[in-house]
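Order of appearance sets the numbers: ligands from 1, and atoms from 1 within every ligand. A quick note: this is a predicted structure, and the numbers were derived from the prediction, not measured.
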Amino acid sequence: MKDIILASASPRRSELLKRIGLKFEVVPADIDEANIRELGPESYTVDIAHKKALDIVNRNYKNSLVIAADTVVVKGGIMGKPTDENEAFEMLKALQGQWHEVITGVAIIDSDSKAEILDYEKTLVKMTSLSDMEIRAYIMSGEPMDKAGSYGIQGVGAMIVERIEGCYFNVVGLPLNKLNAMMRNFGVDLLMGNIQL
Ligand SMILES: Cc1cn([C@H]2C[C@H](O)[C@@H](COP(=O)(O)OP(=O)(O)OP(=O)(O)O)O2)c(=O)[nH]c1=O
């Protein structure tokens with residue numbers, strides 16, 4: 001039975017794994033996310049997730065499956081987390097009243113064999129129209145500041161998302177259905193509660 005390590009400081013990702021009953025250890029990765037943005041957004045998120053997982057594998061954990069992820073919002077270019085409230089305003093101004101994509105890259109690496117599975121999930125999101133005053137009010141809530149695209153669908157941001165097409169959990173930061181399909185490649189079925197197949 002392998003231990004599961006979540007290479008993420010994201011409280012949302014921990015919450016999602018707790019929600020499906022997974023027993024895991026959190027070991028946040030420490031990498032430079034200012035990556036080459038010439039890559040398309042899918043390759044970009046997979047590359048960052050891969051680097052996060054490798055950062056933990058290289059710390060010599062044994063008998064573990066390391067899970068890492070990276071989530072971006074795509075509207076024109078790649079939107080990560082805002083650096084300040086002005087950037088959050090610009091992001092939300094660009095997203096309001098429009099469809100955009102949310103892409104989460106996922107990496108899973110076996111710390112012993114170094115076998116790895118890399119993949120991504122894409123969800124389309126339609127944000128409601130927002131006035132400048134509403135955008136400012138949302139930013140004042142503080143919720144946008146640590147989230148890609150400056151919004152959180154799982155929180156107050158639920159009120160500014162009209163529709164999605166695709167996986168909801170992918171928008172929050174971890175596509176759980178995709179994750180389980182990826183874990184099956186390592187002989188682990190999360191539905192069976194970490195039971196080694
Ligand atoms: C779009 C969206 C993003 N997010 C969050 C998920 C991620 O935590 C964050 C994107 O930043 P990431 O860099 O993917 O993750 P992180 O910095 O929070 O944590 P770590 O790098 O240690 O894994 O945005 C939401 O919580 N809700 C949303 O609706």
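Shortest contact from atom 21 (O) of ligand 1 to any protein heavy atom: Lys52 NZ, 2.7 Å. For atom 15 (O) of ligand 1, the nearest non-hydrogen atom of the protein is Arg13 NH1, 2.9 Å. Among protein heavy atoms, atom 4 (N) of ligand 1 sits closest to Val172 O, 3.6 Å. Looking only at protein heavy atoms, the nearest one to atom 16 (P) of ligand 1 is Lys81 NZ, 3.7 Å. At the top of the distance list for atom 2 (C) of ligand 1, counting protein heavy atoms only, stands Val171 O, 3.1 Å. The single protein non-hydrogen atom nearest to atom 29 (O) of ligand 1 is Ile153 N, 2.8 Å, given as residue, atom name and distance. The protein atom (non-hydrogen) at minimum distance from atom 18 (O) of ligand 1 is Ser10 CB, 3.6 Å. Considering only non-hydrogen protein atoms, atom 24 (O) of ligand 1 sits nearest to Ala148 N, 3.0 Å.
Remark: ligand 1 atoms within the under-4.0 Å shell around heavy atoms of Ala9 are 20 (P), 22 (O). For ligand 1, the atoms sitting less than 4.0 Å from at least one non-hydrogen atom of Thr71 are 10 (C), 14 (O), numbered in the order shown with element in parentheses. Ligand 1 places these atoms under 4.0 Å from at least one heavy atom of Gly152: 27 (N), 28 (C), 29 (O). Listed by number with element, the atoms of ligand 1 under 4.0 Å from a non-hydrogen atom of Gln154 are 25 (C), 26 (O), 27 (N), 28 (C), 29 (O). Close contacts between ligand 1 and Ser8 involve ligand atoms 19 (O), 20 (P), 22 (O), 23 (O) [criterion: under 4.0 Å to a heavy atom].
The shortest N or O to N or O distance between Ala7 and ligand 1 is not below 3.5 Å. Considering both main-chain and side-chain atoms, Gly173 never comes within under 3.5 Å of ligand 1 through any nitrogen or oxygen pair.
For the pair Asn170/Tyr120, no side-chain contact is recorded, criterion being any heavy-atom separation below 4.5 Å from C-beta on. At a threshold of 4.5 Å between non-hydrogen side-chain atoms, the residues Ser150 and Ile139 do not count as touching. In this structure, Ile153 and Val102 have side chains that are not in contact, with every pair of non-hydrogen atoms separated by 4.5 Å or more.
Judged by the shortest distance from any of its heavy atoms, Gly149 lies outside the 4.0 Å radius around the atoms of ligand 1.
Nearest heavy atoms, Val156 versus Glu143: N-OE1, 2.9 Å.
The closest donor-acceptor contact from the side chain of Asp47 to the backbone of Ser43 lies at 3.5 Å or more, if one exists at all.
Gln98 CD to Lys93 NZ: the interatomic distance, rounded to the nearest 0.5 Å, is 11.5 Å. Between the CD1 atom in Ile5 and the CD1 atom in Ile108 there is a gap of 13.0 Å [rounded to 0.5 Å]. The line from CD of Glu121 to CG of Asn177 is 7.5 Å long, rounded to the nearest 0.5 Å. Between atom CZ of residue Phe24 and atom NZ of residue Lys18 there is a gap of 5.0 Å, rounded to the nearest 0.5 Å.
Of the heavy atoms in Arg12, only side-chain atoms (C-beta onward) come closer than 4.0 Å to ligand 1.
No salt bridge links Lys51 with Asp70; every basic N to acidic carboxylate O contact stays at or beyond 4.0 Å. Salt-bridge annotation for Arg12 and Asp146: present, with a side-chain N of the basic residue lying under 4.0 Å from a carboxylate O of the acidic one.
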